[in-house]
Amino acid sequence: PKYIKVKLNPYNLEENEEITSINLGNVVKLNEMLLGKTNLYLSNLEISERFKINYNTCFDGRCYDMYEYLNPPTNTNYDKALLKIEGILNIDKEIKNNYDLYNVINYFGKIKYQTDGEVKYFKKLTKVMPKKASLLNTVYVNIPKEVINSEKVSLIIEIRNKSYEYLIK
């Protein structure tokens with residue numbers, strides 16, 4: 001039999017090589033990764049037990065200013081708060097998946113927080129939708145309520161072996 005020797009140089013995806021701190025308002029270029037030439041821009045990260053969302057509604061030619069309160073659901077065995085994420089995701093045109101801002105946060109995001117000197121992580125960032133208001137470039141996700149009183153909190157976007165950390169507080 002004939003043998004061919006091929007030199008392989010695989011990427012090591014087991015170790016996280018880069019952790020980059022990103023300031024709000026800066027664009028993260030997710031080049032050479034799973035998402036192609038996708039750019040992520042986060043303008044605001046805010047934590048609260050509930051949010052007041054203002055919106056307009058029109059009926060019979062008259063428009064009204066309205067609002068609704070968005071609360072985390074109570075269908076789990078832990079107390080929750082909400083993380084408000086405002087930003088824009090510009091997807092590479094060659095990507096066939098229908099990623100949006102929430103998909104990137106859900107698949108690649110996690111919360112890192114420090115309580116009483118102990119560092120904890122929370123990965124199950126479930127989307128919370130308002131009943132009436134429509135949202136553009138804003139996502140609300142559940143987080144543990146203990147995050148509110150934590151000393152340090154950050155949102156980490158981890159794609160393969162690169163991490164981007166947004167400091168919330």
Side-chain angles (χ1 to χ4, degrees), residues 10-56 67 69-72 80-130 133-169:
Y11 286 110
N12 182 2
L13 299 178
E14 296 293 320
E15 298 176 12
N16 194 346
E17 293 179 9
E18 296 180 31
I19 299 176
T20 306
S21 292
I22 305 294
N23 294 322
L24 288 177
N26 289 350
V27 175
V28 175
K29 296 182 180 184
L30 306 175
N31 294 343
E32 300 176 15
M33 295 194 315
L34 184 65
L35 298 176
K37 295 178 182 176
T38 297
N39 294 329
L40 175 63
Y41 168 81
L42 297 184
S43 59
N44 185 36
L45 297 169
E46 192 177 335
I47 297 170
S48 181
E49 290 185 43
R50 73 178 186 172
F51 285 95
K52 181 179 179 181
I53 303 172
N54 296 311
Y55 66 97
N56 294 329
Y67 66 89
Y69 286 103
L70 187 63
N71 296 304
K80 292 181 262 189
L82 293 172
L83 171 63
K84 177 182 180 180
I85 303 167
E86 293 178 288
I88 298 171
L89 181 71
N90 293 320
I91 290 286
D92 185 346
K93 291 177 179 58
E94 294 180 15
I95 301 293
K96 303 229 184 314
N97 291 347
N98 289 331
Y99 284 109
D100 61 9
L101 182 58
Y102 172 68
N103 294 131
V104 169
I105 300 300
N106 184 39
Y107 295 139
F108 307 113
K110 63 183 173 184
I111 298 295
K112 175 184 172 184
Y113 61 102
Q114 183 175 340
T115 304
D116 298 327
E118 181 183 356
V119 176
K120 298 179 181 180
Y121 294 91
F122 183 77
K123 185 141 175 71
K124 191 175 180 182
L125 302 173
T126 308
K127 189 176 192 178
V128 180
M129 294 288 296
S134 60
L135 303 174
L136 182 64
N137 300 325
T138 303
V139 175
Y140 294 90
V141 293
N142 287 327
I143 57 173
K145 191 173 182 178
E146 70 178 343
V147 172
I148 291 175
N149 298 320
S150 297
E151 297 109 39
K152 288 177 76 176
V153 181
S154 57
L155 172 65
I156 297 175
I157 307 295
E158 189 173 72
I159 302 176
R160 294 201 176 178
N161 64 338
K162 294 185 182 182
S163 293
Y164 302 95
E165 184 172 13
Y166 291 90
L167 186 64
I168 299 172
K169 73 173 190 174

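Computed from a predicted structure; not experimentally measured.
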In Å and rounded to the nearest 0.5 Å, what is the [atom1] to [atom2] distance from [X] to [Y]?
X: Ile156; Y: Tyr166; atom1: CD1; atom2: OH; value: 12.0 Å
X: Asn26; Y: Leu40; atom1: CG; atom2: CG; value: 11.0 Å
X: Leu135; Y: Ile85; atom1: CG; atom2: CD1; value: 12.0 Å
X: Ser150; Y: Ile47; atom1: OG; atom2: CD1; value: 7.5 Å
X: Asn90; Y: Lys37; atom1: CG; atom2: NZ; value: 14.0 Å
X: Lys169; Y: Asn149; atom1: NZ; atom2: CG; value: 6.0 Å

note = From the list Lys120, Glu118, Glu151, side-chain contact (heavy atoms from CB on, under 4.5 Å) with Tyr113 holds only for Lys120
inquiry  = Tell me the closest heavy-atom pair linking Val153 and Leu167, and the distance in Å.
reply    = O-CD1, 3.5 Å
key: Closest non-hydrogen atom pair between Lys80 and Asn142, with its separation   = CD-CG, 3.7 Å
Quick check: are there more than 12 heavy atoms from other residues, nucleotides or ligands sitting under 6.0 Å from [atom1] of [X]?
X: Tyr67; atom1: OH; value: no
X: Lys152; atom1: NZ; value: no
X: Gln114; atom1: CD; value: yes
X: Asn56; atom1: CG; value: yes
X: Lys123; atom1: NZ; value: yes
X: Phe122; atom1: CZ; value: yes

request  = Keeping the roles fixed (side chain from Asn103, backbone from Asp100), state whether a donor-acceptor pair exists under 3.5 Å.
outcome  = yes
Side-chain contact, heavy-atom cut-off 4.5 Å: [X] with [Y]?
X: Ile159; Y: Tyr107; result: no
X: Ile105; Y: Leu155; result: yes
X: Ile148; Y: Glu49; result: yes
X: Ile168; Y: Leu83; result: yes
X: Val119; Y: Lys112; result: yes
X: Leu101; Y: Leu42; result: yes

request  = Mind checking side-chain hydrogen bond (donor to acceptor under 3.5 Å, both in side chains) for Tyr140 and listing every partner two or more places apart, or none if nothing turns up?
outcome  = none
Distance-only donor-acceptor check, side chains Glu158 and Ser163, under 3.5 Å = yes
